Amino acid sequence: MKRLFSSILLLAFIANLAFSQAASENDAETESGDITFDLSAAEGESNGWLHENDGKKHYLTALGLVAFYNVFLCSWNRYVGGRDWAKVGPSEWNRFWERSMEWDKDWYWTNFVLHPYQGAFYYMGARGSNLNKMESFLLTVLGSASWEYLCETNAPSKNDMVYTTVGAFSVGEMLYRLSLESDEISKLLAFAVNPARLWTQLFTRQKPLGTTGHINELSLRLPLGTAAAHVNLVDYDGDYDETEIYPIFFSPELYVVYNDPYGHDSNDPYSQFSLLFKAGIGKGSGNGADCNFAELDKKIYYNIRIISDGMMFARAPSFGDDRDTTIGMVMEYDFDWHSYYLISSLAPGFAIKQRITNEDDSTFEWQAHLAGILLGTSDFYYYRRDFDSTYTDETNGKSGLTAPYNYTIGFETKLMAKYKQANGSNIGVNFRGYAMYDFYDQLQYLGNGERGTQLGWDLIGVTNVQAELALNKKVRIGIEDELYTKYGIYENIKNVFQVMNSTSVYAKIQAK
């Protein structure tokens, strides 16, 4: 509980610091590239159903969205989905504040993607009602708490309260800004990026506030590749030394950079961010997880990757005319769910980014990030494969581990370097490193009748090397090699070593 509230208070402190200059009644921001009110149209001018945004705060619209969404989602799960946990009533509502919070062991996709997106829906609804970022964050906390205490029969979840608030701020602010950009392309695309606009525009008859034209880079990559993986248990007495092959996979990747990362100066959180979304599918290795779809899991390779970082505030010190530098505070939100491993993290920290421009117009770009993980996850002891009946939970007759992942704290780093020629051809290397501590109060079953046993550290590294050849301004071809390694150092069970290498060739559409 203390860790949960420490995380919430830390973000509130960060947000207060970053929002200190947003004190005007309308939260107008004057810096170039920041979200601002556009009141240039004549008073009373309208465009069909929608009218010019007057900048007034619509608190009831935002609160109404939170209430409607929670009731709708709970009712859907109860009456359509038949979920027992959604059958709430007076017994859950009576003195609800006395219910104890716990860590849950829900499906990782639900906990670390759907919950941040649920909170982002609250957040985007508040932003679309002209609330500032702090007000929108506080409304998200209210929405998450009311869901945990009033809309589920389960114990309120500590991890959900972190990911549906802090995670929602990261996801929500990025999607809010991208929906404004999408509006320039298609209204349907804008609604798809930010569905909360359906509610806010209906009741306010105004589009969300903000400016457009901030997309610095936009690309779509289409890789085709193959991968090989290996795992062994260190000093294990039994026979466990396994290699897996993923013969072929296809993994489209969308990459967006909002405002120029280099030479950025702003106190406006998320006025500069990068977002990578990747979804891969292919032929499986023949080994699968112990789950409801175990046979299907053996046949299909999959990878869903969301990697993002957003500047909370930044300064642009001058180190020469040929150098554009950004130094400031950053928020990392990562989710990497692979057939072979699982990583997620929510981590505030510091970053330095620099671009050096040469006389021939080629550039060298580099970044270094160091962040502290408020809450993260890693796969527990090669979670996808059974290896010993000692670690079987006999209480429910199910083989495998009770919870397939750890909740973690720790540290995260991102290191990036890229050399780009004037024509767009480039070569680059990226590294993501995680030192994750699997803290006490876990849910795993360890064969001795105990749960919640302290497990130790997961040391994880993901390294990418890419080379691209520009065919013209919009089309490139390239090759990529990625190496994933993990060493798990545990106190009560054997250590584990994992490695996977994947190689792919790709075509890339550089839209901007």
Side-chain angles (χ1 to χ4, degrees), residues 217 219-232 242-255 257 274-285 287 300-309 332 334-343 345 362-369 378-379 382 384 412-421 423-434 458-471 475-487 497-510:
E217 182 178 346
S219 64
L220 175 64
R221 217 162 54 99
L222 304 171
L224 188 67
T226 185
H230 173 81
V231 63
N232 72 290
E242 186 171 335
T243 298
E244 299 181 23
I245 304 295
Y246 301 91
I248 189 169
F249 62 82
F250 177 61
S251 53
E253 176 183 293
L254 180 68
Y255 183 60
V257 178
S274 65
L275 173 63
L276 180 148
F277 180 79
K278 178 178 182 178
I281 190 168
K283 180 174 174 54
S285 68
N287 291 273
I300 295 179
Y301 164 99
Y302 55 83
N303 183 23
I304 298 177
R305 178 175 291 179
I306 304 170
I307 306 295
S308 72
D309 67 84
E332 317 280 356
D334 298 346
F335 178 82
D336 200 349
W337 177 28
H338 195 282
S339 288
Y340 195 68
Y341 62 85
L342 169 72
I343 309 169
S345 68
S362 65
T363 60
F364 177 73
E365 302 171 353
W366 66 273
Q367 298 185 25
H369 303 209
S378 63
D379 55 318
Y382 196 40
R384 297 180 48 77
E412 172 180 352
T413 185
K414 292 182 181 178
L415 304 174
M416 291 164 269
K418 179 182 287 189
Y419 172 75
K420 296 170 61 175
Q421 294 182 336
N423 66 356
S425 297
N426 64 82
I427 184 170
V429 58
N430 301 324
F431 173 77
R432 289 184 287 129
Y434 305 86
D458 289 315
L459 306 178
I460 302 169
V462 183
T463 305
N464 299 78
V465 179
Q466 300 176 4
E468 294 180 359
L469 176 65
L471 302 182
V475 180
R476 299 172 185 175
I477 57 173
I479 185 170
E480 175 187 37
D481 189 78
E482 179 174 289
L483 179 67
Y484 164 88
T485 57
K486 170 183 170 179
Y487 194 88
F497 174 73
Q498 287 178 270
V499 60
M500 184 183 72
N501 185 253
S502 61
T503 302
S504 60
V505 294
Y506 60 86
K508 182 177 181 180
I509 302 172
Q510 192 73 41

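Count residues from 1 along the sequence. Not measured: the values here are computed from a predicted model.
Rounding to the nearest 0.5 Å places OH of Tyr434 at 4.5 Å from CD of Glu412. Put simply, CD1 on Ile245 and OH on Tyr301 are 13.0 Å apart, with the number rounded to the nearest 0.5 Å. Going from atom CG of Leu471 over to atom OG of Ser425 covers 8.0 Å, rounded to the nearest 0.5 Å. Atom CG in Asp309 sits 8.5 Å away from atom CG in Asp334 (nearest 0.5 Å). Between the OG1 atom of Thr485 and the CE atom of Met500 there is a distance of 10.5 Å, given to the nearest 0.5 Å. Between atom NZ of residue Lys420 and atom CD1 of residue Ile427 there is a gap of 14.0 Å, rounded to the nearest 0.5 Å.
Between Ser308 and Lys414, the shortest heavy-atom contact is O-NZ, 3.3 Å. Closest approach of Ala229 to Tyr246, counting heavy atoms only: CB-CE1, 4.3 Å. Of all the heavy atoms in Gly424 and Ala470, the pair that sits closest is C-CB, 3.9 Å.
Residues Asp458 and Lys486 form a side-chain contact, since some pair of their non-hydrogen atoms from C-beta on lies under 4.5 Å apart. No side-chain heavy atom of Tyr255 sits less than 4.5 Å from a side-chain heavy atom of Lys278. The shortest distance between side-chain heavy atoms of Val505 and Ile477 does not fall below 4.5 Å. Between Ile460 and Tyr484 the shortest side-chain heavy-atom distance falls below 4.5 Å. Side-chain contact between Thr413 and Phe431: present, with at least one pair of heavy atoms (C-beta onward) separated by less than 4.5 Å. Counting only heavy atoms from C-beta outward, the side chains of Asp379 and Gln498 approach each other to under 4.5 Å. Inter-residue side-chain proximity for Asn501 and Val499 is flagged as unmet; no heavy-atom pair is nearer than 4.5 Å.
Ser504 places no side-chain N or O within donor-acceptor distance of the main-chain N or O of Leu224, the cut-off being under 3.5 Å. With Asn426 contributing its side chain and Gln421 its backbone, the two residues share no donor-acceptor pair below 3.5 Å. Judged by distance alone, the side chain of Ser339 and the main-chain N or O of Tyr302 form a donor-acceptor pair under 3.5 Å.
Side-chain atoms of Tyr341 and Asp336 form a donor-acceptor pair, as typed in the model, at a separation below 3.5 Å.
Relative orientation of the Tyr487 and Phe497 rings is tilted, given thresholds of 30° and 60° on the angle between their planes.
For residues 219-228, the set of pairs meeting the side-chain hydrogen bond (donor to acceptor under 3.5 Å, both in side chains) definition, not counting sequence neighbours, comprises Arg221-Glu253, Arg221-Glu480.
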